[in-house]
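Shown next, in structure tokens, is the structure this report addresses.
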Amino acid sequence: MHKAVFAGVALTLLTTACAASQETAAVSQDYLVFYPPGQGAAATDAVEAADGEVLSDDADLGYLVTRAARVPSGPAIVGVLPDRPIGEVARVKPVAGPRRAAVKDEPLAGRQWDMRMIGATPSGSYKKEIGNHKVLVGVIDTGIDGRHPDIAPNFNRALSRNFVTDRPKDPKGKNLDGPCEYKGCKDPADVDDDGHGTHVASTIASPLNGIGIGGVAPGVSLVNLRAGTDSGYFFLKPTMDALKYAGDNGIDVVNMSFYVDPWNFNCPANPADTPAQQSEQKAIIAGMTRAVAYARARGVTLVSAIGNGSTDLGDPKQDTGSPDYPSGAARSRKVDNTCLNVPAELPGVITVTSVGPSKRKAVYSDYGAEQADVAAPGGDALDTGTSLKGTAREILAAAPRNALRASTSIDAKGQPLTSSVIRECKNGTCSYYQYLEGTSMAAPHVTGVAALLVARFGKPGRGGLQLDPARLESLLYASTYDRGCPPSGNYRYSADTTHVCVGSTSRNGFYGNGIVSALKAVTIPGT
């Protein structure tokens, strides 16, 4: 799960709503005001009573975009939080139609222990099903490098959108997204200055083209639904817009490897928080719950990383990283199971834990008997249960050259400066790959398996093929192999780190319904 600084920056940013004395702003601020079903008019009245104006009303998701000098309140308001404006890019030429790649080893396949674990190999799932360009997979992330040689053949530029505008500096003048590379600070829909989204997309669907690696579903289409900024924050408005766009445009499966900033845990009534902060967290829960339901009702299957906090989400105790914006606002507060990690803990979302190469639950991976739905390889550099060493225990996938250069992972001539980066050159063109670990890396394996199931069982529909999310979820769980709790009932990672596993062999807090298998997905009979 991505935990950089922000993703989805805006032209209007939160000054600060961290103290009760700041609930009334001195200048006008744009807000997202969520109201109960059928209460739009009453919510409008409350906004106007706060000397505000309604800029727009999204009746589908039940919220107003408003501008006011103070925070509106009242019985017709579920929650309020500051807005960050977004944008959209123009349509361009679509990619070529459906394509079927030959079954063959990719040059870097030997480094892909993760694909071997789930059977996504030439002798495994590739032999029977690689997917279809009619299957549309949305990646809500920091962007996708659509020109990367190992992504371009499957990148759907026509449908891809960027829902955020980068902001060079934060309100305090500190560096945020850095200098604008494009007019209006609006990156094109085929750019990823962070690298996180490209890595995720590559794991899902890098093609079998004789370059680099192969993805889980190397024949499906990738759609960039960018809701994260260069600095890595994911705010509510662009994330909701990405989900709504997915529902309206026939996207089949969406990968969400992030949590919605600025709260790691969203607590509706935590006494440690101010009324304004409680309202903000209520708004995030309400907005994302509605956006998820909207997308799912229109045929979108939603997959989320569970998180990298090494926490039992069924019994969380402490949140030390919230709010993570504005800079310096984070503090330690007690939390409990009424607090939610969003979107991982929302209804209708398939939540993924991470395993290392030995199939041990990764030490960083969150878990929970209520929360974990499935597990997948996400890497773990500390997993000593195999012969792999160091970074080779992580997940290798595509990386944008510009992001590697900015992070000084390669030099000016393009030579890697770290063992975590692999460069492959062919016919005068070089492509780059990077080892990363996290539940962010586990979720796209599940998304790829889900895409294979759409290719097999989907029927003609909006966007190409369509498969009811409830049926897809059932097929996905049937495409796992059981992994029970360790015999001791726990994993002891170190002297001071032990995680307890609760549940049965077929369903438990470490692995959910089991570890996904691409091979099983392409061979199970339809139900």
Distance under 6.0 Å and angle within 45° of the ring axis: does Arg290 meet both against Tyr63?
no

Is there a donor-acceptor contact under 3.5 Å linking the side chains of Tyr477 and Glu473?
yes

Stacked cation flag Arg161 on Phe163, 6.0 angstrom / 45 deg:
no

Say whether Ser332 and Gln318, considering side chains only, have a donor N or O and an acceptor N or O under 3.5 Å apart.
yes

Run the salt-bridge test on Lys244 and Asp248 with the 4.0 Å N-O cut-off and return the result as yes or no.
no

To the nearest 0.5 Å, atom CG of Asp187 lies from atom CG of Asp194 at 11.0 Å

Taking NZ, NE, NH1 and NH2 as the nitrogens, is one of them in Asp60 or Arg298 under 4.0 Å from a carboxylate oxygen of the other?
no

Does the pair Asp315/Lys317 count as a salt bridge with the N-to-O cut at 4.0 Å?
yes

Any side-chain donor-acceptor pair under 3.5 Å between Ser56 and Asp58?
no

Sidechain-backbone polar pair: Ser279 side chain, Val80 backbone, donor-acceptor under 3.5 Å
yes

Enter the distance from Ile306:CD1 to Thr353:OG1 here, rounded to the nearest 0.5 Å.
6.0 Å

Are Asn513 and Thr480 linked by a side-chain donor-acceptor pair shorter than 3.5 Å?
no

Pairing donors with acceptors under 3.5 angstrom, does anything connect the side chains of Gln277 and Trp263?
no

Arg333 versus Cys267: any side-chain heavy-atom pair under 4.5 Å?
yes

Atom CG in Leu64, atom CD in Gln39: separation rounded to 0.5 Å?
11.5 Å

Taken to the nearest 0.5 Å, the spacing of Ser365 OG from Asn308 CG works out to 7.0 Å

Shortest non-hydrogen separation from Ala397 to Ser202 and the atoms involved
CB-OG, 3.7 Å

Would you kindly say whether Asn270 and Gln278 are connected by a side-chain donor-acceptor distance under 3.5 Å?
no

Do Ser354 and Tyr364 have side-chain N/O donor and acceptor atoms under 3.5 Å apart?
yes

With salt bridge (Lys or Arg N to Asp or Glu O under 4.0 Å) as the rule and sequence neighbours excluded, what pairs involving residues 38-55 come up?
Asp51-Arg70

Hey, is the main chain of Asn156 close enough, under 3.5 Å, to the side chain of Ser221 for a donor-acceptor pair?
no

We want to know whether Asp482 and Ser506 form a side-chain donor-acceptor pair, criterion being a heavy-atom distance below 3.5 angstrom.
no

Flag side-chain contact, heavy atom, 4.5 Å: Asp192 against Ile144:
no

Under the criterion side chain to side chain contact (heavy atoms under 4.5 Å, CB included), which of Thr447, Leu136, Val300 is the partner of Val254?
Val300

Scan side-chain atoms only and decide if Ser310 and His499 contain a donor-acceptor pair under the 3.5 Å cut-off.
yes

Nearest heavy-atom contact between Pro343 and Met288 is CB-CE, 3.8 Å

Test applied, salt bridge (charged side-chain N to carboxylate O under 4.0 Å, His left out); reference residue, Asp166; option that passes from Arg226, Lys186, Lys183
Arg226

Is it the case that the side chains of His196 and Ser440 hold a donor-acceptor pair, with the cut-off being a distance below 3.5 Å and no angle test?
yes

Is the Tyr491-Phe510 ring centre distance short of 6.0 angstrom?
yes

Describe, in one word, how the ring planes of Phe234 and Phe258 are oriented to each other, choosing from parallel (under 30°), tilted (30 to 60°) and perpendicular (over 60°).
parallel

Quiz question: by atom type and distance under 3.5 Å, do the side chains of Tyr35 and Asp57 form a donor-acceptor pair?
yes

Basic-acidic side-chain contact under 4.0 Å: Lys237, Asp83:
no

Working to the nearest 0.5 Å, report the span between CD1 of Ile350 and OG of Ser304.
10.5 Å

If I compare all heavy atoms of Ala42 with all of Ala76, which pair ends up nearest, and what's the gap?
CB-CB, 3.5 Å

Any side-chain heavy atom of Ile285 sitting closer than 4.5 Å to one from Pro268?
yes

Test item: side-chain donor near acceptor, Asn264 and Ser322, under 3.5 Å:
no

Non-hydrogen side-chain atoms of Lys169 and Asn175 separated by less than 4.5 Å:
yes

Is it true that the side chains of Ser231 and Asp177 contain a donor and an acceptor less than 3.5 Å apart?
yes

Does some side-chain heavy atom of Leu476 sit less than 4.5 Å from a side-chain heavy atom of Leu453?
yes

